[in-house]
Amino acid sequence: MSKVKTRSSAKKRFIKVTASGKIKRAKANKSHLLTGKTSKRKRKLRKADYISASDKERVKKMLQI
């Protein structure tokens, strides 16, 4: 039987897994059309966020954790 591969899309999207098991991710909407967004909004988009509890199991399967 062949090895199970990690999903490449998940590898690129999710930053890291914390010690408590939470998975960090980057926020969306920070790549283009930035002139229409306020400075406050852009500043908040810089910070990482955690995936929701409902997506946790699905993402873990994708990352083979």
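To the nearest 0.5 Å, the span separating CZ on Arg43 from OG1 on Thr38 amounts to 8.0 Å. Here OG of Ser52 is found 8.0 Å from CZ of Arg58. Values are rounded to the nearest 0.5 Å. The distance from the CG atom of Leu34 to the CZ atom of Arg41 is 9.5 Å, given to the nearest 0.5 Å.
Checking side-chain atoms of Glu57 against main-chain N and O of Ser54 turns up no donor-acceptor pair under 3.5 Å. Without hydrogens or angle criteria, Lys27 side chain to Arg46 main chain gives no donor-acceptor distance under 3.5 Å. Of the possible donor and acceptor atoms, none in the side chain of Lys16 sits under 3.5 Å from a partner among the backbone N and O of Arg25.
No side-chain heavy atom of Lys24 sits under 4.5 Å from any side-chain heavy atom of Ile51. Counting only heavy atoms from C-beta outward, the side chains of Ile23 and Tyr50 never approach each other to under 4.5 Å.
Atom NZ of Lys42 is surrounded by more than 12 heavy atoms from other residues, nucleotides or ligands within 6.0 Å. Summarising the local packing, NZ of Lys22 is surrounded by 12 or fewer heavy atoms from other residues, nucleotides or ligands at distances under 6.0 Å.
For Lys11 against Leu63, the heavy-atom pair with the smallest separation is N-CD2, 4.0 Å. Of all heavy-atom pairs spanning Lys5 and Gln64, the tightest one is O-NE2, 3.9 Å. For the pair Ala28 and Leu45, the tightest heavy-atom approach, listed with the atom from each and the gap, is O-CD2, 3.3 Å. A pairwise comparison of heavy atoms in Gly21 and Lys56 identifies O-CE, 3.4 Å as the closest pair.
In the hydrophobic clustering of ILVMFWY residues, with side-chain heavy atoms under 4.5 Å counting as a link, Val17 and Ile15 come out apart.
In this structure Arg7 satisfies the salt bridge (Lys or Arg N to Asp or Glu O under 4.0 Å) test with no other residue, sequence neighbours excluded.
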